[in-house]
Novice: 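Got a structure here, written out as structure tokens. Questions coming.
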Amino acid sequence: MKVIISGDHAGMTLRNEVKSVLEELGYEYEDVGADCTASVDYPDYGIGPAERVANGEFDRGILVCGTGIGISISANKVKGIRCALVHDVFSAKATREHNDSNMLAMGERVIGPGLANEIVKTWLTTEFEGGRHLNRVNKITAYEEQCEA
Ligand code: RB5
């Protein structure tokens, strides 16, 4: 599984934790996030990576900003992206099982590295359940197709 990670200046420290999890689990990844603490704009770090997940270059994406909110909103504007803003392990599991989320967003100002570590591990290793959940995800996809037509 290839994972793209990104984030703004407010997510740099938590992004390092994400990288250490990916290395520990042996995932291939590319980090395209901000590389200094100078203030930047989160859409510039959320939309591009989301496009690279949507076009199949990466299987999954993980985004970090101060709250996780701005960057998840940005990623979810890209067709085909289901970016889940998650700050607990239950939701990390549920969003994979029920929503087949292909991107995960977290906020460095919201949770610490220990919880983020557990969230990332859970999110990366939980499978989509399909079935009735697939019907629901398909309705989101159908809406995206309809908007494009
Ligand atoms: C940056 O100060 C902050 O607004 C950003 O990281 C994020 O929290 C926005 O939703």
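For ligands, and for the atoms within them, numbers begin at 1 and follow the listed sequence. Starting from 1, each residue takes its place in the sequence as its number.
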Novice: Between H87 (side chain only) and I111 (backbone N and O only), is there a donor and an acceptor less than 3.5 Å apart?
Specialist: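 No, H87 side chain to I111 backbone: no donor-acceptor pair under 3.5 Å.
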Novice: For residues 59-72, run the donor-acceptor check on the side chains, cut-off 3.5 Å, and write out each pair with its distance to 0.1 Å, sequence neighbours left out.
Specialist:
from, atom 1, to, atom 2, distance (Å)
D59, OD2, K2, N, 2.6
R60, NH1, W123, O, 3.2
T67, OG1, I69, N, 3.0
S72, OG, G68, O, 2.8
S72, OG, I69, O, 2.9

Novice: In a check of salt bridge (charged side-chain N to carboxylate O under 4.0 Å, His left out) between K79 and each of E144, E51, E148, which one passes?
Specialist: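 Result for salt bridge (charged side-chain N to carboxylate O under 4.0 Å, His left out) with K79: E148.
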Novice: Applying the 4.5 Å side-chain criterion to the ILVMFWY set and letting contacts propagate, would Y27 and I4 be lumped into a single cluster?
Specialist: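 Y27 does not cluster with I4.
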Novice: Do any N or O atoms from the side chain of H9 and from the backbone of V40 form a donor-acceptor pair under 3.5 angstrom?
Specialist: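 Judged by distance alone, yes, a pair lies under 3.5 Å.
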Novice: Report each N/O pair between ligand 1 and the protein that falls under 3.5 Å, naming both atoms.
Specialist:
from, atom 1, to, atom 2, distance (Å)
ligand 1, 2 (O), R109, NH1, 3.4
ligand 1, 6 (O), D8, OD2, 2.6
ligand 1, 6 (O), G66, N, 2.8
ligand 1, 8 (O), G66, N, 3.4
ligand 1, 8 (O), T67, N, 2.9
ligand 1, 8 (O), T67, OG1, 3.0
ligand 1, 10 (O), T67, OG1, 3.2
ligand 1, 10 (O), G70, N, 2.9

Novice: Contact between E24 and K121 at the side-chain level, heavy atoms closer than 4.5 Å - yes or no?
Specialist: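 Contact flag for E24/K121 side chains = yes.
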